[in-house]
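This report concerns only the one structure given below.
Every heavy atom of this structure was used, including side-chain atoms; hydrogens, water molecules and symmetry mates were not. Per chain, numbering begins at 1; letters A, B, ... match sequence-line order. Note that the coordinates shown come from a computational prediction; the quantities given were computed from them, not determined experimentally.
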Amino acid sequence: MVQEDKVLDARGLNCPLPILRTKKALGELTAGQVLKVVATDPGAVKDFEAFAKQTKNPLLEHAEAGGEFIFFIQKA
Amino acid sequence: MDEKKLAIIATKGTLDWGYPPFILASTAAALGYATEIFFTFYGLQLLKKDLSHLRVSPLGNPAMPMPVPMPTLMMVLPGMEGMATSMMKSKMKAKGVASLEELRELCMEAEVRMVACQMTVDLFEFDTADFIDGIELGGAASFFEFAGESDITLFI
C-alpha cells in the first residue's frame with residue numbers, strides 16, 4: 001500500500017474540479033511526494049489516467065470502494 | 001518550445017454555453033497548455049465582473065431536458081426563461097458543478113490569457129470597466145498570432 005503525504009477530498013465535485021484541485025495540491029508538494037485523492041465523479045477514473053499521462057506525474061495506484069474512487073499520484 | 005498551446009474563441013453568452021470555454025481552458029492549463037480565450041460577440045458577456053445576468057432559454061432549445069414535456073409555444077411565456085435558469089443553477093449546485101465565476105477564477109489563477117474583441121466591444125458599446133481585471137483587448141490579427149502557433153483551436 002502506498003503511503004500518502006497529503007490527502008485531497010474531492011468528493012461531491014464534478015468535472016473538471018477534481019483535476020484542477022489535484023493540480024493545485026500537487027503544486028504544494030515536493031518531487032517524490034504522494035497525493036491521495038478521494039473522488040466520487042465516475043468520470044474521474046479516465047480523467048486521472050489522462051492527467052497523469054499528460055503531466056508526467058505517475059498514477060501509482062487507484063482503487064474503487066463504495067462509490068468512491070481513490071487515486072495515489074506522485075509528484076514528478 | 002515543447003509547451004502545447006490551446007486557442008479558444010468564445011462566442012456565446014448564455015449560462016450553458018459559458019461553461020465549455022472555461023472548463024476546457026482551466027483543464028488545459030492544469031495539463032500544462034498555454035491557453036488563450038478570445039471573447040467575441042455574445043461571448044463578451046462572460047467577461048463581465050457580475051455573471052448573475054447570464055440565462056439559459058428553453059426557447060429554440062429543443063434538446064434542453066425539461067421536467068415535463070412542454071409545447072414550444074409555452075416557452076415564450078413570461079417567467080419561463082427565469083425558471084429554466086434557476087432550475088439549471090440549482091441542478092448544477094446539487095451535482096457539484098462549479099459556478100462560472102469559480103471556473104473563470106481558476107482560469108485566471110492558471111494564467112489563461114483572456115482577450116476581448118475590440119470591434120465587438122465597440123459595436124455593443126460595452127464599458128470595459130464592467131469587465132474583470134487582467135484581460136486584454138485585441139483584434140482578429142492578434143488572435144492569429146497565438147492561434148497560428150497553437151496545437152488546438154476551438155470555436156465555441
Side-chain angles (χ1 to χ4, degrees), chain A residues 5-60 62 64-76, chain B residues 1-8 10 15-37 46 51 56 65 87-114 134 150-152 154 156:
Chain A
D5 297 287
K6 188 184 167 88
V7 180
L8 172 66
D9 182 2
R11 286 176 297 179
L13 299 178
N14 222 318
C15 172
L17 289 177
I19 289 290
L20 300 182
R21 299 263 165 97
T22 297
K23 166 81 180 173
K24 202 169 180 179
L26 280 173
E28 290 158 11
L29 296 182
T30 54
Q33 286 192 309
V34 176
L35 176 71
K36 176 185 177 181
V37 185
V38 187
T40 47
D41 169 19
V45 179
K46 287 253 180 222
D47 267 4
F48 273 84
E49 285 171 4
F51 173 79
K53 204 171 142 192
Q54 291 175 81
T55 58
K56 315 253 191 295
N57 296 299
L59 182 60
L60 301 177
H62 67 94
E64 188 191 340
E68 292 186 352
F69 305 94
I70 298 155
F71 306 92
F72 291 90
I73 303 171
Q74 187 170 37
K75 174 151 171 145
Chain B
M1 221 164 85
D2 62 349
E3 187 180 48
K4 287 195 173 190
K5 289 186 179 176
L6 165 67
I8 297 174
L15 178 66
D16 48 350
W17 281 99
Y19 274 85
F22 290 136
I23 289 178
L24 295 171
S26 57
T27 304
L31 294 174
Y33 283 75
T35 306
E36 178 180 308
I37 313 176
L46 305 176
L51 294 179
V56 58
M87 259 171 44
M88 183 166 281
K89 280 187 177 170
S90 59
K91 193 107 182 159
M92 280 169 162
K93 203 167 179 183
K95 299 268 182 187
V97 176
S99 68
L100 278 178
E101 288 89 341
E102 186 179 0
L103 285 172
R104 184 174 67 178
E105 188 55 39
L106 290 165
C107 285
M108 295 302 281
E109 274 175 30
E111 294 175 1
V112 171
R113 205 171 145 215
M114 304 204 192
S150 293
D151 300 273
I152 304 170
L154 301 173
I156 301 174

Discussion item. Can you tell me how far apart OG1 (B:T35) and CG (B:L6) are? Round to the nearest 0.5 Å.
Written reply: 4.5 Å
Worksheet item: Can you say whether B:Y33 sits under 4.5 Å from chain A via the side chain, the backbone, both, or neither, judging by heavy atoms?
Response: side chain
Worksheet entry | Non-hydrogen side-chain atoms of B:L106 and B:E109 separated by less than 4.5 Å | yes
Worksheet, complete the sentence: Checked B:T27, B:L31, B:L24 vs chain A; the most non-hydrogen pairs under 4.5 Å come from B:L31
Discussion item. Counting only non-hydrogen atoms closer than 4.5 Å, does A:K56 touch chain B with its backbone (N, CA, C, O), its side chain (CB onward), both, or neither?
Written reply: neither
Worksheet item: Salt bridge or not for B:E102 and B:K93, using N-O below 4.0 Å?
Response: no
Discussion item. Between A:N14 (side chain only) and B:K95 (backbone N and O only), is there a donor and an acceptor less than 3.5 Å apart?
Written reply: yes
